[in-house]
Protein chains: 2
Amino acid sequence: MPSIVSAKIEEELRDGPEVSPELDALMRNARDASDFLKALSHESRLLLLCLLAEGERSVTELENILSLRQASVSQQLARLRLEELVTTRRDGKAIYYSLANDDVRRIISVIYDIFCGRDQKA
Amino acid sequence: MPSIVSAKIEEELRDGPEVSPELDALMRNARDASDFLKALSHESRLLLLCLLAEGERSVTELENILSLRQASVSQQLARLRLEELVTTRRDGKAIYYSLANDDVRRIISVIYDIFCGRDQKA
DNA sequence: TTGATATATAATCGTATTCGAATATGAATT
DNA sequence: AATTCATATTCGAATACGATTATATATCAA
């Protein structure tokens with residue numbers, strides 16, 4: 001992570017409360033990023049995304065695998081759709097979900113690595 | 001990300017609603033991970049962590065840089081402490097915060113890369 | 001067209017989060 | 001010990017979120 005802000009921040013501290021363009025940009029990004037992360041920060045949604053990281057799944061499959069109610073799964077998927085973390089494909093009655101892009105894949109991969117990798121504590 | 005669950009999941013789908021040990025473990029991890037991510041998923045907290053990724057900072061420095069109120073910064077830092085994403089060091093009156101471990105650093109780095117890297121849209 | 005299956009949406013309700021204002025603590029200085 | 005500076009905590013109001021139940025839509029088969 002390049003230290004983009006640091007240099008400017010010393011000015012910032014001297015010059016008072018004006019916000020530098022750099023910080024302003026960082027703040028806008030922080031909003032986007034926190035929206036994205038909020039969509040991710042839910043037990044069921046993480047599980048859904050982990051499963052989808054292995055390949056596409058229909059809603060019914062997801063329900064069965066995770067033993068969750070239909071409405072619940074559908075709602076969480078709707079949230080993920082809203083934030084564009086997943087995409088859908090209809091095949092007959094079924095709708096198949098998969099991860100929307102590589103950004104999602106990267107994040108899920110890091111999270112999986114940290115929380116499911118190596119020495120499990122339980 | 002190794003496909004740990006997939007193999008077992010086919011059984012899962014056949015055998016009905018019993019939850020396999022693999023899925024059970026995954027679910028526990030998902031809870032931990034979502035707690036961790038919730039602590040992260042907040043505009044100010046992300047900004048704080050981004051700054052701390054560049055090195056330790058006192059609370060006052062953080063307040064000034066981000067133009068946030070004292071109570072607000074302190075509250076968000078408390079949240080980050082609670083989830084053990086940051087550590088503190090006292091030097092006289094000031095308390096210096098820094099990132100608690102490499103897991104945090106990794107996540108922040110990926111997020112920074114996705115949302116602050118390359119082609120900025122604004 | 002009717003019925004069945006797959007998925008989505010809406011309404012409700014309890015719970016959790018957030019922000020601001022006020023207050024409290026703790027360390028240094030006088 | 002009183003004051004000041006740095007930081008933390010508490011409280012209340014506003015809002016957001018999640019689980020449940022019920023209902024709606026879409027597709028297919030008969």
Side-chain angles (χ1 to χ4, degrees), chain A residues 13 16-17 27 30-49 51-52 56-98 100, chain B residues 13 16-17 27 30-49 51-52 56-98 100:
Chain A
L13 288 169
M27 285 175 181
R31 181 155 330 148
D32 292 346
S34 70
D35 287 343
F36 177 85
L37 288 171
K38 277 176 192 166
L40 222 61
S41 305
H42 184 277
E43 195 177 339
S44 305
R45 290 198 291 271
L46 274 180
L47 287 169
L48 290 169
L49 292 170
L51 290 180
L52 295 180
E56 67 172 11
R57 292 278 184 188
S58 74
V59 179
T60 306
E61 285 174 334
L62 295 170
E63 286 170 35
N64 291 334
I65 295 172
L66 299 177
S67 304
L68 294 174
R69 314 234 168 148
Q70 185 270 320
S72 180
V73 171
S74 193
Q75 268 181 146
Q76 309 303 346
L77 288 173
R79 182 85 161 73
L80 294 175
R81 252 185 292 132
L82 190 71
E83 210 68 42
E84 300 184 314
L85 275 68
V86 296
T87 54
T88 61
R89 168 180 81 82
R90 179 182 276 278
D91 180 13
K93 296 179 213 166
I95 294 188
Y96 288 86
Y97 278 78
S98 40
Chain B
L13 288 169
M27 285 175 181
R31 182 157 328 151
D32 292 346
S34 69
D35 286 344
F36 177 85
L37 288 171
K38 277 177 193 165
L40 223 61
S41 305
H42 183 279
E43 194 177 339
S44 306
R45 290 197 292 270
L46 274 180
L47 287 169
L48 290 169
L49 292 170
L51 290 181
L52 295 180
E56 70 171 9
R57 291 278 184 189
S58 73
V59 179
T60 307
E61 285 174 334
L62 295 170
E63 286 171 35
N64 292 334
I65 295 172
L66 299 177
S67 305
L68 293 175
R69 315 234 168 145
Q70 185 271 319
S72 177
V73 171
S74 193
Q75 266 181 121
Q76 308 305 345
L77 288 173
R79 181 83 163 75
L80 294 175
R81 253 183 292 132
L82 189 71
E83 210 67 43
E84 300 184 312
L85 275 69
V86 295
T87 54
T88 61
R89 168 180 82 80
R90 179 183 275 277
D91 179 12
K93 294 180 211 165
I95 294 186
Y96 288 87
Y97 279 78
S98 40

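This is a predicted model, so every value here is computed, not measured. Per chain, numbering begins at 1; letters A, B, ... match sequence-line order. The figures that follow rest on heavy atoms only: side chains count, while hydrogens, waters and symmetry mates do not.
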Nearest-angstrom distance from the residue atom [atom1] of [X] to [atom2] of [N]:
X       : N      : atom1 : atom2 : value
B:Asn64 : D:dA6  : CG    : C1'   : 12 Å
B:Arg90 : D:dA6  : CZ    : P     : 12 Å
A:Lys93 : C:dA6  : NZ    : P     : 6 Å
B:Asp91 : D:dA6  : CG    : P     : 13 Å
B:Glu63 : C:dC19 : CD    : C1'   : 16 Å
A:Leu82 : C:dT9  : CG    : P     : 10 Å
B:Tyr96 : D:dA8  : OH    : C1'   : 18 Å

TODO: Could you tell me whether the side chain of A:Gln70 has a donor or acceptor atom within less than 3.5 Å of a complementary atom in the base of C:dA6?
DONE: no
Task: Partner residues of A:Gln75 under the side-chain hydrogen bond (donor to acceptor under 3.5 Å, both in side chains) criterion, sequence neighbours left out - done: none
Open item on the list: Can you tell me which residue among A:Leu52, A:Thr87, A:Val86, A:Thr88 is in a side-chain contact (heavy atoms from CB on, under 4.5 Å) with A:Ser98?
Closed with: A:Thr87
Task: Rounded distance [0.5 Å steps], CD1 in B:Ile95 versus CG in B:Leu62 - done: 12.0 Å
Open item on the list: Return the CD to CG distance between A:Glu84 and A:Asp35, rounded to the nearest 0.5 Å.
Closed with: 12.0 Å
- [ ] Going 5' to 3' through nucleotides 15-20 of chain D, assign each nucleotide B (protein heavy atom under 4.0 Å from a base atom), S (under 4.0 Å only from sugar-phosphate atoms) or - (no protein heavy atom that close).
- [x] --SSBB
Task: Per A:Ala94 side chain, nearest of listed nucleotides C:dA8, D:dA6, C:dA6 - done: C:dA6
- [ ] Give one of base, sugar-phosphate or nothing for B:Tyr97, where a contact means two heavy atoms less than 4.0 Å apart.
- [x] sugar-phosphate
- [ ] Return yes if some donor-acceptor pair links the side-chain N/O of A:Arg45 with the main-chain N/O of A:Ala39 below 3.5 Å, else return no.
- [x] yes
Task: Check: A:Ser41 side chain, A:Leu37 main-chain N or O, donor-acceptor pair, under 3.5 Å - done: yes
